[in-house]
Structure formats: C-alpha cells, structure tokens
Amino acid sequence: MIKDAAGRYFASFVVDTDPDTDAQRWPVEDAAGREVGLDMGLTHFAVLDSGEKIASPRFLRRAEKKLKKLQREHARKTKGSKNKEKSRRALARQHAKVADARHHFHHELSSRLVREHQAVHVETLHVKGMARGRLAKSIHDAAWSSFLNMLEYKAARYGRVFQRVGRMFPSSQRCSNPACHRIDGPKPLSVRTWTCQGCGTVHDRDTNAADNTRQEGRRLYTLKVAEGHHGDPKRLRSDGKTRDPGPGTTR
C-alpha cells in the first residue's frame with residue numbers, strides 16, 4: 001500500500017497478461033499496412049504524417065492560476081500548524097489532479113495510435129537538453145518521454161512495430177517528397193510552411209517532419225530486419241550524415 005503527497009492510497013500488484021487475449025483485443029490484421037510518423041511539439045502536442053494535428057492540452061498552464069493561489073495561501077500559514085498541513089494537502093491534490101489528467105490523455109492517445117497502426121515511428125528527443133531553456137515549463141508539462149514510453153510498451157504488448165529515429169536526423173530540413181529528399185537547411189521556428197527549392201513542393205513544417213520521420217523509421221526497421229541488427233548505433237545511422245539519395249531515387 002502506497003500513500004502519496006495528496007493523501008491518496010494506492011495498492012500495487014502484478015498480473016500476467018495473455019498474448020492470445022491481447023491479439024484478439026487489438027488484432028494486428030485490423031492495422032495491417034498502416035504506419036504513422038509523429039512530430040512532437042508545443043504548439044501541437046503531436047502532428048501525424050497524415051496532417052492530423054493533436055492539440056496540446058497544457059494541463060499545467062491551465063491550472064497555473066489556481067496553483068499560484070494555493071501556493072500563496074500555503075506560504076501564509078504558520079509552520080507546523082494544522083492549517084499549514086491542510087493547505088499543503090490541498091496544494092498536493094491540485095498537482096495530482098494535473099498529473100492524472102496528463103496521464104489519462106497520454107494513455108488515450110497512445111492506445112489509439114497503437115491500435116490503429118501496424119508501425120509507429122517517432123523522433124528520439126533530448127528532453128533534458130531542451131528543458132534547460134526558457135520553454136522548460138512547457139516541455140515538462142508536455143511530458144513527451146512518458147508518452148513515448150507508453151507507445152513503446154503498448155506496441156510491444158500488441159505486436160506492433162515501434163521505431164525511434166535519431167535526434168540528429170534533419171526531419172524538418174528535408175523535403176519529404178520521395179523523389180526529391182533535398183535538404184534545404186535549418187529554418188527559424190517562425191517559418192511554418194516552406195517551398196522545396198528542388199521540386200517546388202509546398203510543405204507544412206510539422207507534417208513534413210512527421211512524414212520524414214515515418215520514412216526514416218521504416219528504413220531503419222527494414223534494415224534491422226534484413227541484416228539482423230538490434231539497434232547498433234554504428235550501423236543504423238539516422239542523423240545529419242545520412243546520405244541524401246537525391247532526385248529520382250526512393251528511400
């Protein structure tokens with residue numbers, strides 16, 4: 001039995017799952033041939049290569065006003081008093097409410113993506129490095145690592161493919177047109193659409209990145225299966241040094 005800071009009790013137990021039952025629940029046949037690439041962000045929590053954009057719930061940001069009020073009230077209470085403990089518990093309950101809402105959102109979205117697709121391809125994120133800047137609070141609020149971990153274990157449980165793409169792969173710089181794949185270089189975040197100088201395709205920045213992630217994820221997984229590798233970083237490169245095939249070739 002575990003008691004959290006909000007005064008709630010949780011029971012912990014272990015169960016065995018039946019692979020046959022899991023296979024019947026989310027049949028692989030229902031998702032055959034469907035793949036999805038994800039581009040994670042702050043304006044939108046995730047963008048799919050199909051163009052679908054998942055709004056960012058911003059649970060912490062939405063609860064900030066109430067949290068600040070509770071924090072002020074807690075600071076005013078006399079140390080060691082019953083009122084101090086009462087205000088601490090109220091503050092902890094509000095933080096728990098935010099965490100529970102975020103957890104529920106992650107579970108719903110990850111379950112949907114795994115259930116509907118045979119393969120899920122995502123970019124490897126350097127969350128610790130990104131969280132050192134001015135967007136730290138928003139990045140922690142999104143909790144990308146928790147979401148991607150859910151995707152990974154659910155994919156393994158239900159017989160789906162989960163493939164990470166190296167974080168140095170230029171997904172937002174490369175044209176996702178398979179006949180082009182020109183790398184036009186870095187662009188400021190203010191640029192949301194751009195035109196490829198090689199083939200003239202007009203790209204939505206996030207959808208293009210998600211499509212590139214899907215293509216690169218498929219390439220890495222195909223190579224892994226064909227050559228019997230299991231994620232050897234020296235063999236399965238996915239970064240800026242990946243050879244650009246150039247016009248007229250597919251990848």
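The residues of the chain are indexed from 1 along the displayed sequence.
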_Donor-acceptor pair, side chain of Asp39 and main chain of Ala210, under 3.5 angstrom_ = no
_Per the salt bridge (charged side-chain N to carboxylate O under 4.0 Å, His left out) rule, what does the pair list look like for residues 69-78, sequence neighbours excluded?_
none
_Whether the side chain of Thr193 engages the backbone of His203 through a donor-acceptor N/O pair (distance < 3.5 Å, no angle test) should be reported._
no
*Can we say Arg219 and Glu216 salt-bridge, meaning some charged N sits less than 4.0 Å from an Asp/Glu carboxylate O?*
yes
*Can you tell me if NE2 on His107 sees more than 12 non-hydrogen neighbours from other groups inside 6.0 Å?*
yes
_Same cluster (ILVMFWY, side-chain, under 4.5 Å), Leu148 and Leu42_ = yes
*When rounded to the nearest 0.5 angstrom, what is the spacing between OG in Ser145 and NE2 in His140?*
10.0 Å
_From OG (Ser81) to NZ (Lys86), nearest 0.5 Å_ = 11.0 Å
*Using the ring of each side chain (for Trp, its six-membered ring), is Phe45 parallel, tilted or perpendicular to Phe105, with breaks at 30° and 60°?*
perpendicular
*Do Leu48 and Ile54 come within less than 4.5 Å of each other through their side chains, counting heavy atoms only?*
yes
*Can you list the residues that meet the salt bridge (charged side-chain N to carboxylate O under 4.0 Å, His left out) rule with Arg160, with sequence neighbours excluded?*
none
*For residues 12-26, pull every pair meeting salt bridge (charged side-chain N to carboxylate O under 4.0 Å, His left out), keeping only residues two or more places apart or in separate chains.*
Asp22-Arg157
*Once the angle between the rings of Trp26 and Tyr158 is folded into 0 to 90°, is it parallel (under 30°), tilted (30 to 60°) or perpendicular (over 60°)?*
tilted
*Separation of Ser190 OG from Arg205 CZ (nearest 0.5 Å)*: 8.0 Å
*Test salt bridge (charged side-chain N to carboxylate O under 4.0 Å, His left out) applied to Arg61 - qualifying residues, sequence neighbours left out*: Glu64
*Please report the closest heavy-atom contact between Gln71 and His95, naming both atoms and the distance.*
NE2-NE2, 4.1 Å
*Do His121 side-chain atoms and Asp211 backbone N/O form a donor-acceptor pair below 3.5 Å?*
no
_Has Asp141 got a side-chain atom pairing as donor or acceptor with Lys137's backbone, closer than 3.5 angstrom?_
no
*Answer yes or no: is there a donor N or O on one side and an acceptor on the other, between the side chain of Lys53 and the main chain of Ala46, under 3.5 Å?*
no
*Taking Asn177 for the side chain and Thr201 for the main chain, is one N or O donor matched with an acceptor at less than 3.5 Å?*
no
*State which residues pass salt bridge (charged side-chain N to carboxylate O under 4.0 Å, His left out) with Lys154; sequence neighbours excluded, sorted by chain then number.*
none
*Assess whether side-chain contact (heavy atoms from CB on, under 4.5 Å) is satisfied between Gln94 and Lys97, documenting all intermediate values.*
CA-CA 5 Å; Gln94 186 59 33; Lys97 187 177 179 181; 4.2 Å; yes
*Is His103 reaching over with its side chain to a backbone N or O of Ala99, donor-acceptor style, under 3.5 angstrom?*
no
*asked:* Among residues at least two apart in sequence or on other chains, which ones pass salt bridge (charged side-chain N to carboxylate O under 4.0 Å, His left out) with Arg8?
replied: Asp4, Asp100
*Tell me whether Trp144 is reachable from Val47 by hopping between hydrophobic residues (I, L, V, M, F, W, Y) whose side-chain heavy atoms are closer than 4.5 Å.*
no
*Does Tyr221 OH have over 12 foreign heavy atoms under 6.0 Å away?*
no
*Between Glu152 and Arg164, is a side-chain contact (heavy atoms from CB on, under 4.5 Å) present by the stated rule, with each step listed?*
CA-CA 9 Å; Glu152 187 168 17; Arg164 292 180 185 265; 3.3 Å; yes
*asked:* To the closest 0.5 Å, what do you measure between OG1 (Thr213) and CG (Asp49)?
replied: 9.0 Å
_Let's go through Glu116 and Asp30 carefully: what are the C-alpha distance in whole Å and the side-chain angles of both, what is the deciding distance for side-chain contact (heavy atoms from CB on, under 4.5 Å) to 0.1 Å, and is it a yes or a no?_
CA-CA 7 Å; Glu116 294 179 355; Asp30 292 350; over 6 Å; no
*Answer yes or no: is there an ion pair linking Glu108 with Arg112, defined by an N-O contact shorter than 4.0 Å?*
no
*Where do Phe169 and Leu220 land on the side-chain contact (heavy atoms from CB on, under 4.5 Å) test, with the steps shown first?*
CA-CA 12 Å; Phe169 176 67; Leu220 292 175; over 6 Å; no
*Rounded to the nearest 0.5 Å, how far apart are NE2 of His181 and SG of Cys196?*
10.0 Å
*Rounded to the nearest 0.5 Å, how far does CG of Leu189 lie from OG1 of Thr43?*
8.5 Å
*Do Gln215 side-chain atoms and Ser176 backbone N/O form a donor-acceptor pair below 3.5 Å?*
yes
*Short question: side chain of Thr207, backbone of Asp204 - any donor-acceptor pair under 3.5 Å?*
no
*Is Leu125 reachable from Val122 through a run of I, L, V, M, F, W or Y residues, each pair having side-chain heavy atoms under 4.5 Å apart?*
yes
_With a sphere of 6.0 Å drawn around OH of Tyr9, does it hold more than 12 non-hydrogen atoms of other residues, nucleotides or ligands?_
no
